[in-house]
Amino acid sequence: MSVTPIRSPTLHSQKMRKDESFLGKLGGTLVRKKKAREVSDLQEEGKNAINAPMSPTPIDIHPEDILLEENEERTMIDPNSKEDAKFKELVKVLIDWINEVLVEERIIVKNLEEDLYDGQVLQKLLEKLGDHKLNVAEVTQSEIGQKQKLQTVLEAVQDLLRPQGWAIKWNVDSIHGKNLIAILHLLVALTVHFRAGIRLPELVSVQVIVVKKREGLLQTSHVTEELTSSAEMMMGKFERDAFDTLFDHAPDKLSVVKKSLITFVNKHLNKLNLEVTELETQFADGVYLVLLMGMLEDYFVPLHHFYLTPEEFEQRVHNVAFSFDLMQDAGLKKPKARPEDIVTLDLKSTLRVLYNLFTKYKHID
């Protein structure tokens, strides 16, 4: 899927292999020619920076990757942070999400840095999510063409996110330079904006190594970068509704709302000899939601379309997601909640879904 970016000639001397260290992962390669002596000098600077206090364990380096201009700065994720379980989960969830969205395009993403830097996958992803064709060339192999495509794609993303107050933590150079931090920020923003229906691991942060050239020397520092916040913040930060107000400022009225919704669902589920007493738990496996939609729309839901006695988390998520499809088929908007929120007993999400049904079907006997 990816096209290998243009790189400066790599010098393969024995001394370079001996001095290999972590700076080769700094993301992005400057396309410029350097004399062999300049490369050697800069490589020595890199070795000095590696040996400085607080520097991480050395990993591979390509001499041309440390060619920084004066005051130029590069960042990379500390190798130890990349081994963090929550970080690995975040990357996997995002890759799986992209592949699911683009399954009809026959696009398979395996590595975020290598597969997204040229803008091709991001273009297809945004077009699919936004149901809107972008005016860009389909295939661009030159660096200039790739950056032009990225510029168009990222401008479209910014137009979507600007009204929500997102802090834009990426740009053309960082994405094309394979900066994983920037790519992750972009993808997290897209999943939140488009309500992707996936559960991102919460409170994921990484240690970032910042390398800057000052007065001819490479200097390193460490900062903590937050990639995801809490689920509540990510999914409800910009779209508070009546239920947020209810939970925050009028919890005494919560029991009244719950009682009304229980009465509503039982009026229909009682016809199947089913009784709801606890909204928090009885809709969590999706079965009652599916059956309720059948009763409200007056049709029988074939049993092979859902799990009548789900035992695994994925089966419960399938059921809830299927009920959401039935709701949309009935003309309702896509629920704000995610299937995973219902399955994990998030009461506010369950109330939102049921209230939408109540609003549409409250006059049906």
Taking the side chain as every heavy atom from C-beta outward, state whether T152 and N135 have any atom pair closer than 4.5 Å.
no
For P310 against V287, the heavy-atom pair lying closest together:
CD-CG2, 3.7 Å
Mind listing the closest non-hydrogen atom pair of A156 and L134 along with its distance?
CB-CD2, 4.0 Å
Heavy-atom side-chain proximity of F313 to T344 below 4.5 angstrom
yes
Between CG on residue L112 and CD1 on residue I95, distance to nearest 0.5 Å
4.0 Å
Quick check: closest heavy atoms across G119 and L150, and the distance to 0.1 Å?
CA-CD2, 3.7 Å
Apply side-chain contact (heavy atoms from CB on, under 4.5 Å) to the pair V208 and H222, showing each step before the final yes or no.
CA-CA 6 Å; V208 177; H222 291 67; over 6 Å; no
In a check of side chain to side chain contact (heavy atoms under 4.5 Å, CB included) between L125 and each of L187, V109, L116, which one passes?
L187
Would you say V210 and T220 make side-chain contact, with heavy atoms under 4.5 Å?
no
Shortest non-hydrogen contact between V301 and G294, atoms and distance:
CG2-CA, 4.1 Å
Rounding to 0.5 Å, atoms CD1 (I364) and NE2 (H268) come to a distance of 6.5 Å
Could you tell me whether K147 and D173 make a salt bridge, using a distance below 4.0 angstrom between a side-chain N and a carboxylate O?
yes
Tell me the closest heavy-atom pair linking D115 and I108, and the distance in Å.
OD2-O, 4.3 Å
Quick check against the 3.5 Å criterion: does E72 have a side-chain atom that pairs as donor or acceptor with the backbone of K213?
no
Do L122 and I175 pass the side-chain contact (heavy atoms from CB on, under 4.5 Å) test, and can you show the C-alpha distance, the side-chain angles, and the key distance before you say yes or no?
CA-CA 10 Å; L122 288 174; I175 300 298; 4.0 Å; yes
Counting only heavy atoms not in I144, do more than 12 fall under 6.0 Å of its CD1?
no
Test side-chain contact (heavy atoms from CB on, under 4.5 Å) on E215 and L217; report intermediate values, then the result.
CA-CA 6 Å; E215 296 180 356; L217 298 176; 5.7 Å; no
Please report the C-alpha distance between E311 and R316 in whole Å, then the side-chain angles of each, then the deciding distance to 0.1 Å, and finally whether the salt bridge (charged side-chain N to carboxylate O under 4.0 Å, His left out) criterion is met.
CA-CA 7 Å; E311 297 180 357; R316 294 190 287 271; over 6 Å; no
Identify the residue among L289, N319, D285 that makes a side chain to side chain contact (heavy atoms under 4.5 Å, CB included) with F306.
N319
Would you call the rings of H318 and F322 parallel, tilted or perpendicular, taking 30° and 60° as the class edges?
parallel
Show every side chain to side chain donor-acceptor pair (under 3.5 Å) that has at least one partner inside residues 288-309, sequence neighbours left out.
E297-Y361
For the pair Q207 (side chain) and N80 (backbone), establish whether a donor and an acceptor sit closer than 3.5 Å, ignoring hydrogens and angles.
no
I want to check something: taking the side chain as every heavy atom from C-beta on, are K149 and Q120 in contact at a cut-off of under 4.5 Å?
yes
Heavy-atom count check: over 12 atoms from other residues, nucleotides or ligands less than 6.0 Å from K110 NZ?
no
With no hydrogens and no angle check, is any side-chain donor or acceptor of T75 less than 3.5 Å from a backbone partner on I209?
no
Can you confirm whether more than 12 heavy atoms, excluding those of E70, are under 6.0 Å from its CD atom?
yes
Which pairs with one or both residues in residues 84-101 pass salt bridge (Lys or Arg N to Asp or Glu O under 4.0 Å), sequence neighbours excluded?
E83-K88, K92-D96
With a sphere of 6.0 Å drawn around NZ of K259, does it hold more than 12 non-hydrogen atoms of other residues, nucleotides or ligands?
no
Test item: T228 side-chain N/O and V204 main-chain N/O as donor-acceptor pair under 3.5 Å:
yes
Does some side-chain heavy atom of I77 sit less than 4.5 Å from a side-chain heavy atom of F87?
yes
Are the side chain of N270 and the backbone of N273 linked by a donor-acceptor contact shorter than 3.5 Å?
no
Are the side chain of T359 and the backbone N or O of Y355 linked by a donor-acceptor pair below 3.5 Å?
yes
For L186 and L154: C-alpha separation, side-chain torsions, deciding distance, then whether side-chain contact (heavy atoms from CB on, under 4.5 Å) applies.
CA-CA 9 Å; L186 171 60; L154 296 184; 3.9 Å; yes
To the nearest 0.5 Å, what is the distance between NZ on K133 and CG on L126?
11.5 Å
Report yes if the side chains of K124 and K128 come closer than 4.5 Å at any heavy-atom pair, otherwise no.
no
